[in-house]
Amino acid sequence: MSKHDRWSKLLELLAGEGRIEVEDAAAALDVSPATIRRDLDELAEQQMLVRTRGGAIAHGVSYELPLRYKSSRHAPEKQRIATAVAGMIADGDVVGLNGGTTTTEVARALALRAGGSREGRGRREPAETSAPAFTVVTNALNIAGELAVRPQVKIVVTGGVARPQTYELVGPLTVGVLNEVVLDVAVLGVDGVDPQLGLMTHQEDEASVSRLFAERARRVIVVTDSSKMGRRAFARICGLDRVDVLVTDSGLPADTAARLTDAGIKVHAV
């Protein structure tokens, strides 16, 4: 197992449990306790955890796993979700995407669909003269980087201050751009979906940007794997009354799906 894979697993264990012990982690990863100690020391140097005697704890009650270490979590589910969402977007739509691993997969699925639809028209138009298949407005630098090289997709990037944990742009510059655009669809990734409080995320500045995405859109699609259902995070984005569609995986409990449907949300479990 590579160091990157070990770190990803250690941070995933920490995110789930709030603390990890060296001996338990060594058994879970099938490596020596000495290797785990070195990994925890290095992660502590990067301020990604706090070392304790015999293990480590998360920095706070609501622990945010850095985006680069979340990409492998629930990956098949996120890819199925993304494919389903791409099928819900009409040609020519203006789509808002906030940051996150699931919305990144949605961006990739949209790019693939845009390329396929262009080829399916039976002619090859110069990218600079043909209309884009979609316009994507995003505050996520990694999504912008992936789509900027796709001539079939018009990419609009908000300004703002970059958060290294999630690659998202936040702040007054971000708000200023979003206040000047109108979206057909906002696709939002979240850190929690609570029946009473609604959509939630770990950071208050990201929550305010995601809330504005929802306000500027005719339709709001929430994308999340079922592990986020019923979970709370620090900052509230908006209530469930702003959500039109929720796309998740087949692990969604039937009673939860029924409650969401009763609230007027179209639920797609893929």
Side-chain angles (χ1 to χ4, degrees), residues 15-16 62 65 70 73-110 112-113 134 136-138 140 143 178 182-204 206-270:
S62 182
L65 194 63
K70 291 196 291 187
R73 302 177 68 192
H74 307 288
E77 292 91 337
K78 291 174 181 178
Q79 289 164 3
R80 291 198 301 271
I81 290 168
T83 300
V85 172
M88 300 177 185
I89 307 300
D91 287 347
D93 270 357
V94 179
V95 184
L97 294 176
N98 68 351
T101 53
T102 309
T103 49
T104 298
E105 291 295 340
V106 171
R108 291 168 179 162
L110 286 173
L112 287 173
R113 180 183 152 188
F134 311 106
V136 172
V137 180
T138 186
I143 290 176
L178 289 178
V182 177
L183 308 173
D184 294 302
V185 185
V187 180
L188 302 181
V190 298
D191 292 310
V193 179
D194 182 82
Q196 284 76 44
L197 297 177
L199 310 182
M200 312 194 77
T201 190
H202 291 298
Q203 300 294 329
E204 69 278 3
E206 292 179 6
S208 64
V209 171
S210 294
R211 184 181 309 117
L212 189 52
F213 268 116
E215 291 173 356
R216 304 303 294 173
R218 288 191 301 106
R219 186 163 57 120
V220 175
I221 300 175
V222 173
V223 292
T224 180
D225 61 78
S226 60
S227 69
K228 307 286 181 61
M229 302 304 299
R231 182 183 295 181
R232 290 186 176 186
F234 173 70
R236 183 175 184 269
I237 297 172
C238 64
L240 294 180
D241 59 310
R242 290 291 297 118
V243 179
D244 298 290
V245 180
L246 183 139
V247 186
T248 186
D249 60 75
S250 58
L252 181 70
D255 58 339
T256 301
R259 287 198 299 271
L260 292 170
T261 301
D262 289 343
I265 299 172
K266 295 180 181 178
V267 177
H268 296 265
V270 297

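Excluded from the calculations below are hydrogen atoms, water molecules and symmetry mates; all remaining heavy atoms, backbone and side chain alike, are included. Small disclaimer: the values here were computed from a predicted structure and weren't measured. Position 1 is the first residue of the sequence, and the numbers go up from there.
Nearest heavy-atom pair, D184 versus G92, reported as atom, atom and distance to 0.1 Å: OD2-O, 4.3 Å. Heavy-atom minimum distance, I237 versus R211: O-NE, 2.7 Å. Considering all non-hydrogen atoms of both residues, A233 and D191 come closest at CB-CB, 4.2 Å. Across all their heavy atoms, L97 and T138 have their closest contact at O-OG1, 2.8 Å.
With rounding to the nearest 0.5 angstrom, the OG1 atom of T224 is 8.0 Å from the NZ atom of K78. With rounding to the nearest 0.5 Å, the separation of CG in L197 from CZ in R236 is 6.5 Å. The CD atom of Q203 sits 11.0 Å away from atom OG of S208, with the distance rounded to the nearest 0.5 Å. Considering CZ of R108 and OG1 of T103, their distance stands at 10.0 Å, rounded to 0.5 Å. Taking CE of M229 as the start and OG1 of T248 as the end, the distance is 6.5 Å to the nearest 0.5 Å.
A donor-acceptor pair under 3.5 Å is formed between the side chain of R113 and the backbone N or O of I89. Listed for the D93 side chain is no donor-acceptor partner under 3.5 Å among the backbone atoms of V95. Judged by distance alone, with hydrogens and angles left aside, the side-chain atoms of R216 form a donor-acceptor pair with the main-chain N or O of L178 at under 3.5 Å. The closest donor-acceptor contact from the side chain of D249 to the backbone of D225 lies at 3.5 Å or more, if one exists at all.
Under 4.0 Å is where a charged nitrogen must lie from a carboxylate oxygen, and between R219 and D244 no such pair does.
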Pair up each side-chain donor or acceptor in residues 253-270 with any protein partner under 3.5 Å, not counting sequence neighbours, and list the distances.
from	atom 1	to	atom 2	distance (Å)
T256	OG1	R259	NH2	3.4
T261	OG1	A257	O	2.9

